[in-house]
*Asks:* 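For reference, the structure I am asking about is given below.
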Amino acid sequence: MATPSEPQARGVRIDAQPGHATIALDGTPLSDGLVTGYVLEHDIAASLPRLVLHTRHPKNTAFEGLAQVAVGVSQTPGDIVAAFLAQVDPVLLDQESLNRSDYGGGPGATARSMLAVLTEWARGGKAGD
């Protein structure tokens, strides 16, 4: 299988719904059953999105370096933080924050302590650790 030395830009159309996707490259639909999945990612700073197609390789299939495609819906950092905070028990947060060994009092101490607890929880720490 030959692979291009540099990625080639292609026209891509994906019509997807749960359990099925129709994918066309440069206006030509890929055969049903050829693609088993795909990944589509785009770094805003990059010039073009990257599409990876995951395929079956039946005998005698010509393949030109493209693979299966997957599409993910990205969440913004704000969406992720909001979802995390929506799950926080405020009573437990109060208790954990005020009972920290490094709670020193003074201006901003409670907020600093709450932020430290939330940071630990966001990294997978358990209440009471």
*Asks:* Measuring only between side-chain heavy atoms, which start at C-beta, is Asp32 closer than 4.5 Å to His20?
*Replies:* yes

*Asks:* Measuring only between side-chain heavy atoms, which start at C-beta, is Leu51 closer than 4.5 Å to Glu41?
*Replies:* no

*Asks:* Show which side-chain atoms of residues 82-91 pair as donor or acceptor with protein atoms under 3.5 Å away, not counting sequence neighbours.
*Replies:*
from  : atom 1 : to    : atom 2 : distance (Å)
Asp89 : OD1    : Val91 : N      : 3.0
Asp89 : OD1    : Leu92 : N      : 3.4

*Asks:* Does the Arg112 side chain pair with the main chain of Gly104, one donor and one acceptor, at a distance under 3.5 Å?
*Replies:* no

*Asks:* Can you tell if the side chain of Val117 reaches within under 4.5 Å of the side chain of Arg100, non-hydrogen atoms only?
*Replies:* yes

*Asks:* Which heavy-atom pair separates Tyr103 from Ser113 by the least distance, and what is that distance?
*Replies:* CD1-CB, 3.7 Å

*Asks:* If you look at every heavy atom in Met114 and Leu93, which pair is closest and at what distance?
*Replies:* O-CD1, 4.0 Å

*Asks:* Are the side chain of Thr119 and the backbone of Leu115 linked by a donor-acceptor contact shorter than 3.5 Å?
*Replies:* yes

*Asks:* Considering non-hydrogen atoms only, spot the tightest contact between Gly27 and Ala24 and give its length.
*Replies:* C-CB, 4.3 Å

*Asks:* Sequence neighbours excluded, which residues qualify as side-chain hydrogen bond (donor to acceptor under 3.5 Å, both in side chains) partners of Asp26?
*Replies:* Arg10

*Asks:* Using a 4.5 Å cut-off on heavy atoms from C-beta on, say whether the side chain of Thr22 contacts that of Ile14.
*Replies:* no

*Asks:* With rounding to the nearest 0.5 angstrom, report the CD to CG distance, Glu96 to Asp94.
*Replies:* 10.5 Å

